[in-house]
Amino acid sequence: MNLGTDNELVEHLFRLTREEQQFVQHQLKRHGLNVLQAQALNFIAQHPAAIQKALSQYLGKQEATTTNLLKVLESRQLILRRVAADNERQKKLYLTPEGQELVQVVHAVFIDLETRVSTPLTDEEKQLMLALLKRITAEATFDD
């Protein structure tokens, strides 16, 4: 077994992913956000009036963690939590105008990342890479 070549694909994917994560974290930090906060804002932008439970499921976090996250975003006046008319125990989530502006910044970070990653490739190579990654995502198994 030669770890230099036996795991070459995984090693390249791992390094690329790590560099992408560092880039995103650095860019978001410049705007006072962490990745979880950016994901939450993006989800709320795509699902206005969603409830906290749906956000927790999307983030894969416990509801207490999501509550703390939302408190921070609310204190920064990026989101609003409004009691649902049909259920006083549920609060619906909305972006404030400031939150909407920040979502646009987050989108710009990811568009910049897409450009940086795809620039070395031709259009045909991009399409092939995308098709192969979709196939890996659909067919790779990670169960024990």
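When a residue number appears, it is its place in the shown sequence, counting from 1.
Under the 4.5 Å side-chain criterion, counting only non-hydrogen atoms from C-beta, Arg81 is in contact with Glu74. Between Leu113 and Glu20 there is a side-chain heavy-atom pair separated by less than 4.5 Å. Using a 4.5 Å cut-off on side-chain heavy atoms (C-beta onward), Leu70 and Leu55 make contact. Looking at Leu28 and Val105, their side chains never come closer than 4.5 Å, going by heavy atoms from C-beta outward. Considering only heavy atoms from C-beta on, Tyr94 stays 4.5 Å or farther from Ile79 through its side chain. Side-chain atoms of Gln52 and Thr67, non-hydrogen and from C-beta on, do get closer than 4.5 Å to each other. In this structure the side chain of Gln62 never reaches within 4.5 angstrom of the side chain of Thr66, judged on heavy atoms. Counting only heavy atoms from C-beta outward, the side chains of Leu93 and Ile51 never approach each other to under 4.5 Å.
Under the 4.5 Å side-chain heavy-atom criterion for Ile, Leu, Val, Met, Phe, Trp and Tyr, Phe23 and Phe110 are members of the same hydrophobic cluster. Under the 4.5 Å side-chain contact rule for hydrophobic residues, Leu41 and Val35 share a cluster. Following chains of ILVMFWY side-chain contacts shorter than 4.5 Å, one cannot reach Val117 starting from Leu130, and the two form parts of different hydrophobic clusters. By the rule that hydrophobic residues join a cluster once side-chain heavy atoms approach within less than 4.5 Å of another member, Val103 and Phe43 end up as members of one cluster.
More than 12 heavy atoms of other residues, nucleotides or ligands sit less than 6.0 Å from atom CD of Glu11. No more than 12 heavy-atom neighbours from other residues, nucleotides or ligands sit within 6.0 angstrom of CD on Gln77. For Arg89, the CZ atom counts as loosely surrounded, since its 6.0 Å shell holds 12 or fewer non-hydrogen atoms of other residues, nucleotides or ligands. Surrounding CD of Gln46 are more than 12 heavy atoms belonging to other residues, nucleotides or ligands, all under 6.0 Å away. Counting heavy-atom neighbours within 6.0 Å of Lys126 NZ, excluding the residue itself, gives a total above 12.
His26 contributes no side-chain N or O that, together with a main-chain N or O of Gln22, makes up a donor-acceptor pair within less than 3.5 Å. Not a single donor-acceptor pair under 3.5 Å links the side chain of Glu114 to the backbone N or O of Ile111. Checking side-chain atoms of Thr65 against main-chain N and O of Lys61 turns up no donor-acceptor pair under 3.5 Å.
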>> Test side-chain contact (heavy atoms from CB on, under 4.5 Å) on Leu13 and Leu9; report intermediate values, then the result.
In response: CA-CA 6 Å; Leu13 288 172; Leu9 175 62; 4.1 Å; yes

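The two atoms that bring Ala40 and Leu69 nearest to each other are CB-CD2, 3.7 Å, heavy atoms only. The two residues Arg76 and Leu102 come nearest to each other via the heavy atoms NH2-CD2, 4.3 Å. The two residues Ala45 and Leu95 have their closest heavy-atom pair at CB-CD1, 3.5 Å. When every heavy atom of Leu33 is checked against every heavy atom of Gln37, the shortest pair comes out as CA-OE1, 3.3 Å.
For the atom pair Ser118 OG and Glu125 CD, the distance stands at 11.0 Å (nearest 0.5 Å). Remark: Gln21 CD to Arg18 CZ distance equals 9.5 Å, nearest 0.5 Å. Note: His107 NE2 to Gln104 CD = 6.5 Å, rounded to the nearest 0.5 Å. A distance of 4.0 Å separates CG of Asp112 from CZ of Arg116, quoted to the nearest 0.5 Å. Within the model, atoms NZ of Lys92 and CG of Leu80 stand 14.5 Å from one another, a figure rounded to the nearest 0.5 Å.
For the residue pair Gln27 and Arg30, a side-chain donor N or O sits within less than 3.5 Å of a side-chain acceptor on the partner.
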